[in-house]
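Okay, so here's the structure we're looking at.
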There are 2 protein chains.
Amino acid sequence: MVKKKKDLPAEERILDAAKKVFLEKGMAGARMQDIANEAGINKALLHYYYRDKEKLFELVFMSESQKFFPKINRIFESDETLEKKFHEFVEEYVNELRLNPYLPWFVLNEINRDPDGFLLKIMTGENRPRPMKFLQQIEKEIKLGNIRKVDPRHILLNLLSMTLFPFIAQPMVSRILGMGNKEFEQLMEERKKTVPAVMMDSIRKKVQ
Amino acid sequence: MVKKKKDLPAEERILDAAKKVFLEKGMAGARMQDIANEAGINKALLHYYYRDKEKLFELVFMSESQKFFPKINRIFESDETLEKKFHEFVEEYVNELRLNPYLPWFVLNEINRDPDGFLLKIMTGENRPRPMKFLQQIEKEIKLGNIRKVDPRHILLNLLSMTLFPFIAQPMVSRILGMGNKEFEQLMEERKKTVPAVMMDSIRKKVQ
DNA sequence: GTCTATAATTTGATAGAC
DNA sequence: GTCTATCAAATTATAGAC
């Protein structure tokens, strides 16, 4: 018999609820009452376990940003070819973000709110994004004459942009293109192929 | 003698201040006191001129989203070639967002907060995004055999992504790549060339 | 540990003098 | 029109019973 959500201890239920509410509404928009309702307990217990809103938020933010960033490093610091890395990157992020579509919005949102607070913590931790090896790999391929001469930073930006932006802009995109949830998911599934293809076309040497 | 900010009537100073504060912090994070301070007056005047926070916010949001969206339509509904449209799009948005870097974050943020409120208003107004002509133009070029066969929606997504995302993610991007403001602006300037180039490479027929 | 009730704080909004 | 002082409402946080 698998445990139901209701059977989890309150401490965990609260954390799960906090994740959900903070991810959707951000620090400023979230209400302690919403979290209590979502967890099926009352506000007092929130403070009993996690002292105050700030502490609870910090816990959620740190845990979620760790989900968001280390993925980048594992892929970018491997010894695979660029093409393989493009595919892995899009594949993994689309899969993660299908389950957790608010994640990039949440992370960017709070970094924007307080660039020198959490961002600094993340950037000094073990799990900070380390794109250097990836950028150097591109430069090496250029020197070897295997790919076109382009600023590696634009390559990185393009990959991040095309993968993450659609999720950040989902409500707008869906409305503009007149899509439902199913269609949006289908479109994101397709991006596992189209994005790496665009990336490769942008670095592959042109036929003379 | 050019008018200084301080010389503007209070009503306008308030609106300017509200734009600044709402754009940076969003509806939930903004404080009426912040706006009053920014405008150099007291809270009571805010209510005297604009009744309440909601009304003031709606005014700012409508005015800012009109800056954000109509640009798309003017470019996408013209009779230019796809290549010209790519260039114009990136050129105009990079120029606008250099002056107003919080704009896309602000718009997407509030649409995310309340997808059926403001979003609905925008989507039914004269200035709603109308990508249809652009999508049809792509389909026509495909039929004519001028470009590769690709889903037009991915083309549109790629263009929006690569142009807007770097601004949304600026604090993170700058930190990751170790850039200051000047370097970031320089990089965005370069995107006026690199992004259209990537777009063209992604649709141009491959040489056999 | 968990609850109800309540205090404390923050923030939006108004009253009234000038 | 603009200000100070104040109120009202929303929200976070705590006290104390069980």
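Quick note on labels: first sequence line is chain A, next is B, and so on, each numbered from 1. As the structure is a computational prediction, the values presented were derived from the model and not from experiment.
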- [ ] Could you walk me through whether B/Met199 and B/Met162 pass side chain to side chain contact (heavy atoms under 4.5 Å, CB included), step by step?
- [x] CA-CA 10 Å; B/Met199 293 300 300; B/Met162 288 191 285; 3.6 Å; yes
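- Distance CG (A/Leu56) to C1' (D/dA13): 13 Å, rounded to an integer number of Å.
- As judged by a 4.0 angstrom heavy-atom cut-off over every strand, A/Leu46 is placed among residues making no nucleic acid contact.
- Among the nucleotides D/dG1, C/dG12, D/dT14, the one closest to the side chain of B/Leu45 is D/dG1.
- With rounding to whole Å, B/Ile14 atom CD1 is found 15 Å from C/dG12 atom P.
- Heavy atoms of A/Ala30 sit under 4.0 angstrom from primed sugar atoms or phosphate atoms, though from no base atom.
- Between the CE atom of A/Met32 and the C1' atom of D/dT14 there is a distance of 12 Å, given to the nearest Å.
- Taking the six-membered ring where the residue is Trp, the centroids of A/Phe57 and A/Phe118 are separated by under 6.0 Å.
- Nearest-nucleotide assignment on DNA chain D puts the 5′-proximal partner with B/Glu11, out of B/Glu11 and B/Lys43.
- The ring of A/Phe61 has its center closer than 6.0 angstrom to the ring center of A/Phe106.
- Remark: A/Tyr48 is not in phosphate contact with D/dA13, judged by side-chain N or O atoms under 4.0 Å from OP1 or OP2.
- Here A/Asn42 lies in heavy-atom contact (under 4.0 Å) with a base.
- Using a 4.0 Å cut-off, no side-chain N or O of A/Arg31 falls inside it from OP1 or OP2 of D/dA10.
- When the side-chain nitrogen and oxygen atoms of A/His47 are compared with OP1 and OP2 of D/dT14, none of them lie within a distance under 4.0 Å.
- As rounded to whole Å, 16 Å separates atom C1' of C/dT2 from atom CG of A/Asn37.
- A straight line from CD of B/Glu54 to C1' of D/dA9 spans 16 Å, rounded to a whole angstrom.
- Side-chain proximity of A/Lys53 to the nucleotides D/dA13, C/dC3, D/dT2 is greatest for D/dA13.
- Rounded to whole Å, the distance from NZ on B/Lys25 to P on C/dT11 is 10 Å.
- Distances from the side chain of B/Tyr49 to the nucleotides C/dT14, D/dA15, D/dG1 place D/dG1 closest.
- Exactly one of B/Leu103, B/Leu108, B/Asn127 qualifies for a side-chain contact (heavy atoms from CB on, under 4.5 Å) with B/Phe68. That residue is B/Leu103.
- Note: A/Phe165 and B/Phe165 fail the aromatic proximity criterion, with ring centroids not under 6.0 Å apart.
- B/Ile41 has its CD1 atom 14 Å from the C1' atom of D/dT4, to the nearest Å.
- Atom CD1 of A/Ile35 and atom C1' of D/dA13 are 14 Å apart (whole Å).
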